[in-house]
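These notes are about the structure you will find just below.
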Amino acid sequence: MKLRTLTAAGVAAALLALAGCGGGSGDDAGASGPVDLRMTIWSANAKHTALFDQIAAAYKKDHPEVGKITFESIPFDTYTTALTTQIGGGNAPDLAWILESTAPDFVSSGALEEIDKDADLLPSATATWEQDGKLFAYPFSTSPLGVFVNTDLVTAAGRPTPAQQIAAGTWTWEQAVATGAAVQAKTGKGGIVVGDFDYKGWDTLNTIWAGWGARPWSEDGKTCGFDQPEMVGAMTFIHKMVFTDKAMPGPGRTTDFFAGDASMVLTQISRAALLEKAKFKWDLVPLPKGPAGEYSVVGQAGIGVLKRGKHADEAKKFLAYFTNQENSAKLAQFFPPPRKSQLTTDLLAKANPLLKPAQLQSVVIDGIERGDIKTGHTGYAELQQTVRAALDPLWKPDADVKAVLSGVCTKINPLLSK
């Protein structure tokens, strides 16, 4: 019950209240001996945590003032709520991963310690985490979303592969849907899967609607965008893709691309590790061209030091080490770096041996240069729940798309004006 109440109240309000309660004890190494540090994360991937532990072990060798460094994995679906509850319950971690969608809450509330800037960081990567020229989290993962393709299924359906369509200048959303529909009709497998959507995570659909130039709200966050022509056009296209073209698995159907059950999935390159033992041929290509032209969507996560953590000073030192030039290069195999010097095909290819240099250039490097960071907003937790509930009527064959989207604006306008 406590989790539900906190989420409904909005993360921003909770953080603002907590920020006013003072910081943690600030007791670093001293008479009590070495300090222990804890970082909350949402990954439970064994390869991720093994790398984190390796970096932590190297740090501790030269820093006897630090005892254990623990990486605490919290499920992604409940991550922000659980983190905020820990902070409110007096059990704040020293460091935490933070979603780009909740960055405005954490940054504006004063819940994070200021950290040092690094001239090597891309300004476009740090913008989400800055306020008044100060940096409050390190953007450790700046990852454009691309399209993983099961080329065996596409060929079996008699369609040209996306790579062939790119070469021919025909890689558009219309052609992507035609491919997904053909795979579904001729092989019985799923068409296009939007990673982490499952008719719940509506904000993951930005991988599609951004191609129409649509936004859920205006850039200043004050005006609803769901009822605007761009979003209506995009959502109408998505609804048709699901219920008319059958190019995207419908509600209630679980389809795992990485098990060979779908022709395409829209997701981030960190998922490439799941294809290490794939029994099908696959490719990685940029998002298809939309009515608004070529585009890229970038998912981002930051690492912040919590003011209410017990060892903020030591946490800042460890964060500086965890994200330095050397360790950033190691992390690049899973999390595309925000460093200008490291956005090269040579470095990324070494860190991501499963991906070809051309794939890394077109999806990652080009994507970061032209991409938009996924939309966030203060009070995002409450907005997210409200939009999800208001969109539920859309996922029916006979839905009135325009009416549903107008209803979304009716629901969220009071939240946007707060």
Side-chain angles (χ1 to χ4, degrees), residues 37-45 47-56 58-59 69-74 76 79-80 83 93-104 106-107 111-130 134-145 267-273 297-306 309 312 315-344 347-348 350-352 360 364-365 367-368 371 373-374 376:
L37 298 177
R38 178 167 60 94
M39 181 193 298
T40 55
I41 62 177
W42 55 75
S43 173
N45 185 301
K47 291 185 177 181
H48 293 180
T49 53
L51 177 57
F52 302 159
D53 287 338
Q54 179 188 50
I55 294 172
Y59 182 78
I69 300 178
T70 304
F71 301 95
E72 177 188 344
S73 179
I74 299 172
F76 182 83
Y79 180 82
T80 299
L83 172 59
D94 301 288
L95 306 100
W97 285 8
I98 301 169
L99 284 162
E100 75 282 274
S101 57
T102 57
F106 280 90
V107 172
L112 303 175
E113 293 278 351
E114 181 186 355
I115 60 174
D116 293 334
K117 286 187 176 182
D118 187 322
D120 193 30
L121 296 178
L122 289 162
S124 59
T126 59
T128 301
W129 311 98
E130 291 179 327
K134 299 177 181 179
L135 185 63
F136 291 93
Y138 178 91
F140 78 96
S141 179
T142 301
S143 185
L145 287 97
T267 191
Q268 294 167 317
I269 69 162
S270 58
R271 306 292 175 89
V297 173
V298 178
Q300 194 178 62
I303 304 176
V305 173
L306 276 298
K316 285 196 281 187
K317 293 175 186 176
F318 176 63
L319 176 58
Y321 177 83
F322 189 81
T323 59
N324 67 18
Q325 192 88 3
E326 180 182 354
N327 289 321
S328 178
K330 295 176 181 178
L331 292 167
Q333 64 181 292
F334 305 115
F335 311 106
R339 294 179 173 275
K340 291 174 281 189
S341 64
Q342 293 181 334
L343 281 178
T344 67
L347 183 143
L348 292 175
K350 288 178 183 177
N352 299 271
L360 293 165
V364 181
I365 297 176
I368 289 175
I373 303 296
K374 290 174 68 176

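Bear in mind that the values here come from a model prediction, so they are computed numbers and not experimental data.
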Gap between atom NZ of K330 and atom CD of Q54 - 0.5 Å precision: 5.0 Å
Y79 side-chain N/O to L99 backbone N/O, donor-acceptor pair under 3.5 Å: no
Shortest non-hydrogen separation from T128 to E100 and the atoms involved: CG2-O, 4.3 Å
Worked check of side-chain contact (heavy atoms from CB on, under 4.5 Å) between T126 and D118: CA-CA 10 Å; T126 59; D118 187 322; over 6 Å; no
Salt bridge (Lys or Arg N to Asp or Glu O under 4.0 Å) partners for R271, two or more places apart: D196
Smallest separation among heavy atoms of V107 and E130, with atom names: CG1-O, 4.0 Å
Stepwise side-chain contact (heavy atoms from CB on, under 4.5 Å) test for L306 and L112: CA-CA 5 Å; L306 276 298; L112 303 175; 4.1 Å; yes
Side-chain (Q342) to main-chain (Q325) donor-acceptor, under 3.5 angstrom: yes
CA sep, side-chain torsions, deciding dist, call: F322, L331, side-chain contact (heavy atoms from CB on, under 4.5 Å): CA-CA 9 Å; F322 189 81; L331 292 167; 3.9 Å; yes
Rounded distance [0.5 Å steps], NE2 in H48 versus OG in S43: 4.5 Å
Ring geometry between F335 and F52 (parallel below 30°, tilted from 30 to 60°, perpendicular above 60°): parallel
Pairwise side-chain contact, I269 with P336, heavy-atom cut-off 4.5 Å (strictly under): yes
Interatomic distance, L360 atom CG to T344 atom OG1 [nearest 0.5 angstrom]: 9.5 Å
From OH (Y138) to CG (N324), nearest 0.5 Å: 8.5 Å
Rounded distance [0.5 Å steps], OH in Y321 versus OH in Y59: 9.0 Å
Atom NZ of K350 with >12 non-hydrogen neighbours under 6.0 angstrom: no
Residues, nucleotides or ligands: over 12 heavy atoms within 6.0 Å of K134 NZ: no
Sequence-distant partners of E72, side chain to side chain contact (heavy atoms under 4.5 Å, CB included), two or more places apart: R38, T40, I74, Q86
K316 side chain vs D116 backbone, donor-acceptor pair below 3.5 Å: no
Closest heavy-atom pair and its distance - F318, A56: CE1-CA, 4.1 Å
Criterion side-chain contact (heavy atoms from CB on, under 4.5 Å) on S328 and T323, from CA distance to verdict: CA-CA 5 Å; S328 178; T323 59; 5.8 Å; no
From CD1 (I55) to CG (N327), nearest 0.5 Å: 4.0 Å
Among L83, L37, V305, side-chain contact (heavy atoms from CB on, under 4.5 Å) partner for P93: L83
Shortest non-hydrogen separation from A332 to P337 and the atoms involved: CB-CD, 3.9 Å
Side chain to side chain contact (heavy atoms under 4.5 Å, CB included) involving A125 - partner list, sequence neighbours excluded: L122, P139, T142, Q300, P338
